[in-house]
Amino acid sequence: QVQLVESGGGLVEAGGSLRLACTGSGIIFSTKAVGWYRQAPGKQRELVAQIISSGYTNYADSVKGRFTISRDNAKNTVYLQMNGLKPEDTAVYYCNIWYHWGQGTQVTVSS
């Protein structure tokens, strides 16, 4: 069975940084597209960043220049480095590959 586990969320002040990690079992990340999504209360889940098998990355306009997605094939892990965090970034962040989802990790940014 495929399992995705997110970690690294927490409470941080505005302007701070966090690094989220998504580690998978039962699937090889290096051959698949992996995305980070987030969902805030009362809002739809939205794509934040994506990395595909070629290494190409794309980002939501709201996070471009602040967030970076990367892959560590040896650890079968995808990271999301988040710098310059804003209160508007507060949400549950989810890892996605194909139709598989992790359980999410909470990110809260105080003003």
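Residues Tyr93 and Tyr79 do not share a hydrophobic cluster, clusters being chains of Ile/Leu/Val/Met/Phe/Trp/Tyr side chains in contact below 4.5 Å. The hydrophobic cluster containing Leu85 also contains Leu20, counting ILVMFWY residues as joined when their side-chain heavy atoms lie under 4.5 angstrom apart, directly or transitively.
At most 12 heavy atoms of other shown residues, nucleotides or ligands fall within 6.0 angstrom of atom CD1 in Ile28.
Rounded to the nearest 0.5 angstrom, Thr57 OG1 and Ile52 CD1 are separated by 9.0 Å. In this structure, OG1 on Thr108 lies 13.0 Å from CD on Glu13, to the nearest 0.5 angstrom. The distance from the CD atom of Gln3 to the CD1 atom of Ile27 is 12.5 Å, given to the nearest 0.5 Å. We find the SG-CD1 distance between Cys22 and Ile97 to be 8.0 Å, quoted to the nearest 0.5 Å. From Cys95, atom SG reaches atom NE2 of His100 across 11.0 Å, with rounding to the nearest 0.5 Å. The CZ atom of Phe67 sits 9.5 Å away from the CD atom of Gln81 when rounded to the nearest 0.5 Å.
For the pair Ser7 and Thr105, the tightest heavy-atom approach, listed with the atom from each and the gap, is C-OG1, 4.3 Å. The shortest non-hydrogen separation linking Ser111 to Ala14 is CA-CB, 4.5 Å.
At least one side-chain heavy atom of Val107 sits under 4.5 Å from a side-chain heavy atom of Leu18. Contact annotation: the side chain of Val109 never approaches that of Lys86 to less than 4.5 Å [non-hydrogen atoms, C-beta and beyond].
When each of Thr23, Leu4, Thr77, Ile51 is paired with Phe29, the side-chain contact (heavy atoms from CB on, under 4.5 Å) condition holds for Leu4 and for no other.
In this structure, Tyr37 shares a hydrophobic cluster with Leu47, Val92, Tyr94, Trp101, the cluster being traced through Ile, Leu, Val, Met, Phe, Trp and Tyr side chains under 4.5 angstrom apart.
Annotation: salt bridge (Lys or Arg N to Asp or Glu O under 4.0 Å) contacts involving residues 43-72, sequence neighbours excluded, comprise Arg38-Glu46, Arg66-Asp89.
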